[in-house]
*Asks:* 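My structure is below; once you've seen it, I'll send some questions.
Chain letters run A, B, ... following the sequence lines, proteins first, then strands; residues in each count from 1.
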Protein chains: 2
Amino acid sequence: MTDTRESGTRSRTRRAILAAAASVLARDRGATLADIAEAAQIGRSTLHRYFSDRQDLVNAAVVDSFRVVEKSTAEAAIDQGPPLEAMRRLIAAMVDAGDRLAFLFGDPRVLEEFTACFEPDLSLPTTVGLIERGQAEGVFDPAVSAEWIQQVLWALAYTGWEAAEKGLLPRHGVAAAVTRAFENGMVVPQARP
Amino acid sequence: MTDTRESGTRSRTRRAILAAAASVLARDRGATLADIAEAAQIGRSTLHRYFSDRQDLVNAAVVDSFRVVEKSTAEAAIDQGPPLEAMRRLIAAMVDAGDRLAFLFGDPRVLEEFTACFEPDLSLPTTVGLIERGQAEGVFDPAVSAEWIQQVLWALAYTGWEAAEKGLLPRHGVAAAVTRAFENGMVVPQARP
DNA sequence: TGATAATGAGACATGTAAGTCTCATTATGA
DNA sequence: TCATAATGAGACTTACATGTCTCATTATCA
């Protein structure tokens with residue numbers, strides 16, 4: 001389904017714009033189109049040649065970021081192996097896709113406005129699928145909904161990214177910190193009754 | 001330190017504006033001053049009588065929200081009793097202060113721009129203080145920094161509020177879900193080696 | 001009741017990002 | 001090398017939130 005019509009140059013520019021948009025908007029939602037163009041190292045007029053509207057750009061960036069996260073998820077092979085290990089791979093992948101995730105997750109409105117008119121690739125394994133598999137195997141907390149667990153997962157990944165952004169966590173320690181938080185929470189196992 | 005000069009009417013109106021600002025901006029950062037005025041059930045001109053600038057309003061709302069959260073924290077008496085129970089009271093208080101927290105936490109920029117010129121009340125017990133006390137007593141994970149634990153706490157409280165907003169969690173179940181996530185994470189204790 | 005405070009509605013000016021267009025320049029591929 | 005695609009700079013208009021102001025109305029308090 002990729003655009004075979006588009007020249008190599010154009011599709012490269014398009015990708016650069018989408019990546020810049022996600023990256024810039026993740027850090028500042030009010031960022032100007034000029035800001036985004038500058039980050040993508042292109043002229044503002046060029047940006048308008050690819051996306052007529054600001055809304056058009058944001059929509060495309062959401063879809064693109066979704067695909068990227070979807071792809072990372074797929075590459076983590078979350079439908080294979082023990083759920084706990086699959087989850088660890090997924091968390092690492094999500095931390096890698098850092099600002100895409102921050103862009104999607106950081107703005108509740110962007111996402112919810114768009115979930116209606118966007119259908120995910122059904123052939124790919126989903127995060128909720130992994131969670132439900134884990135719950136069935138008694139690994140993930142079965143007392144709460146899979147959606148809630150997914151929300152927590154996203155929130156922790158986002159928090160880890162943000163903490164790294166402001167220097168609270170070293171980049172290389174983010175995945176471990178998030179994994180630890182997701183699996184154990186903040187109370188030491190020994191202290192539990 | 002409260003304004004004794006201001007009439008009852010004025011201070012009531014002022015509070016209504018600040019509450020509305022936090023509530024509206026928590027749900028939409030790009031919200032118009034007209035949106036905020038409408039939510040506060042006042043005219044836009046009245047809003048300008050109280051806050052000359054948009055920035056002025058946002059700053060005041062940040063300070064105010066800070067005070068509210070600070071007060072909730074104080075009322076939870078987090079410097080007393082076992083850390084785990086104090087933390088449970090704190091989480092309940094934070095969930096109560098829902099949109100104030102979402103306003104502060106939802107916009108990293110708003111907060112970080114302001115932490116410089118805003119000094120917290122040093123006579124009040126802090127969240128980090130509670131966490132460090134818990135770590136010293138071996139209750140909270142001592143392997144990570146107290147600041148990271150605080151970030152996770154805020155993120156979970158925010159996520160709980162958001163989940164309730166979109167109907168993913170029932171209002172009365174939020175505090176329990178957040179507490180559970182904070183203490184145990186998402187992996188069932190029995191499944192741990 | 002009367003004086004003053006507080007407000008709402010709305011007209012008006014302003015600043016800034018968004019969107020459109022032209023034209024000269026650079027890059028790409030046959 | 002040549003034709004065409006792609007781009008950058010910048011002038012220009014538009015749309016909209018913002019901020020200021022006036023005036024009539026309502027609320028509050030002595």
*Asks:* Is the closest basic N to carboxylate O distance between R88(B) and E85(B) below 4.0 Å?
*Replies:* no

*Asks:* Whole-Å distance between dA27(C) P and R12(A) CZ?
*Replies:* 13 Å

*Asks:* Please give, in whole Å, the distance from dT7(C) C1' to L47(B) CG?
*Replies:* 13 Å

*Asks:* Just the table, please: protein N/O against nucleotides 9-12 of chain C N/O, every pair under 3.5 Å.
*Replies:*
| unit_1 | atom_1 | unit_2 | atom_2 | d |
| --- | --- | --- | --- | --- |
| dA9(C) | N7 | S45(B) | OG | 3.1 |
| dA9(C) | N6 | S45(B) | OG | 3.3 |

*Asks:* I'd like to know if the side chain of R49(B) pairs up with that of S45(B) as donor and acceptor (distance under 3.5 Å, no hydrogens or angles considered).
*Replies:* no

*Asks:* How long is the line joining CZ of F51(B) and P of dG19(D), in whole Å?
*Replies:*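 In whole Å, dG19(D) P lies 13 Å from F51(B) CZ.
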
*Asks:* Could you tell me the separation between the CZ atom of R14(A) and the C1' atom of dA6(D), rounded to a whole number of Å?
*Replies:* 13 Å

*Asks:* Checking contacts here: which listed nucleotide (dA6(D), dT18(D), dG19(C)) is nearest the side-chain heavy atoms of R54(B)?
*Replies:*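 Closest nucleotide to the R54(B) side chain: dT18(D).
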
*Asks:* Answer yes if V128(A) and L90(A) sit in the same cluster of Ile, Leu, Val, Met, Phe, Trp and Tyr residues linked by side chain heavy atoms under 4.5 Å apart, and no otherwise.
*Replies:* no

*Asks:* Among residues 32-39 of chain B, which ones have heavy-atom contacts with DNA chain D below 4.0 Å?
*Replies:*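 Going residue by residue through residues 32-39 of chain B, the ones with a heavy atom under 4.0 Å of DNA chain D turn out to be T32(B), L33(B).
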
*Asks:* Between dA6(C) atom C1' and I17(B) atom CD1, what is the distance in whole Å?
*Replies:*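 Taking atom C1' of dA6(C) as the reference, CD1 of I17(B) is at 12 Å.
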
*Asks:* Take atom NE2 of H48(A) and atom P of dA18(C), then tell me their distance rounded to the nearest Å.
*Replies:*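 Between P of dA18(C) and NE2 of H48(A): 7 Å.
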
*Asks:* Measure the angle between the two terminal helix axes of the helix from dT1(C)-dA30(D) to dA30(C)-dT1(D), five base pairs each, and quote it to 10°.
*Replies:* 40°

*Asks:* Taking the inter-plane angle between the rings of F105(A) and Y158(A) on a 0 to 90° scale, is it parallel (under 30°), tilted (30 to 60°) or perpendicular (over 60°)?
*Replies:* tilted

*Asks:* Using the side-chain heavy atoms of T46(B), tell me which of these nucleotides is nearest: dG19(D), dG8(C), dA6(D).
*Replies:*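 From the listed options, dG8(C) comes nearest.
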
*Asks:* Output the rounded distance in Å from CG (D53(A)) to C1' (dA18(C)).
*Replies:* 9 Å

*Asks:* Round to a whole Å and report the spacing from CD of Q55(A) to P of dA15(D).
*Replies:*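 About 18 Å, once rounded to whole Å.
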
*Asks:* Please say which of L156(A), V178(A), V152(A) ends up in a side-chain contact (heavy atoms from CB on, under 4.5 Å) with V152(B).
*Replies:*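 Testing each of L156(A), V178(A), V152(A) against V152(B), the sole residue satisfying side-chain contact (heavy atoms from CB on, under 4.5 Å) is L156(A).
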
*Asks:* Begin from the C-alpha positions of M94(B) and T73(B) and carry the test side-chain contact (heavy atoms from CB on, under 4.5 Å) through to its verdict.
*Replies:* CA-CA 8 Å; M94(B) 290 176 82; T73(B) 305; 5.7 Å; no

*Asks:* Between T9(A) and dT7(D), is there a contact of a side-chain N or O with OP1 or OP2 at under 4.0 Å?
*Replies:*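 The answer is no; no side-chain N or O of T9(A) sits under 4.0 Å from OP1 or OP2.
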
*Asks:* Kindly indicate whether a cation-pi arrangement holds for R14(B) with F51(B), taking the cut-offs as under 6.0 Å to the six-membered ring centre and within 45° of the axis.
*Replies:* yes

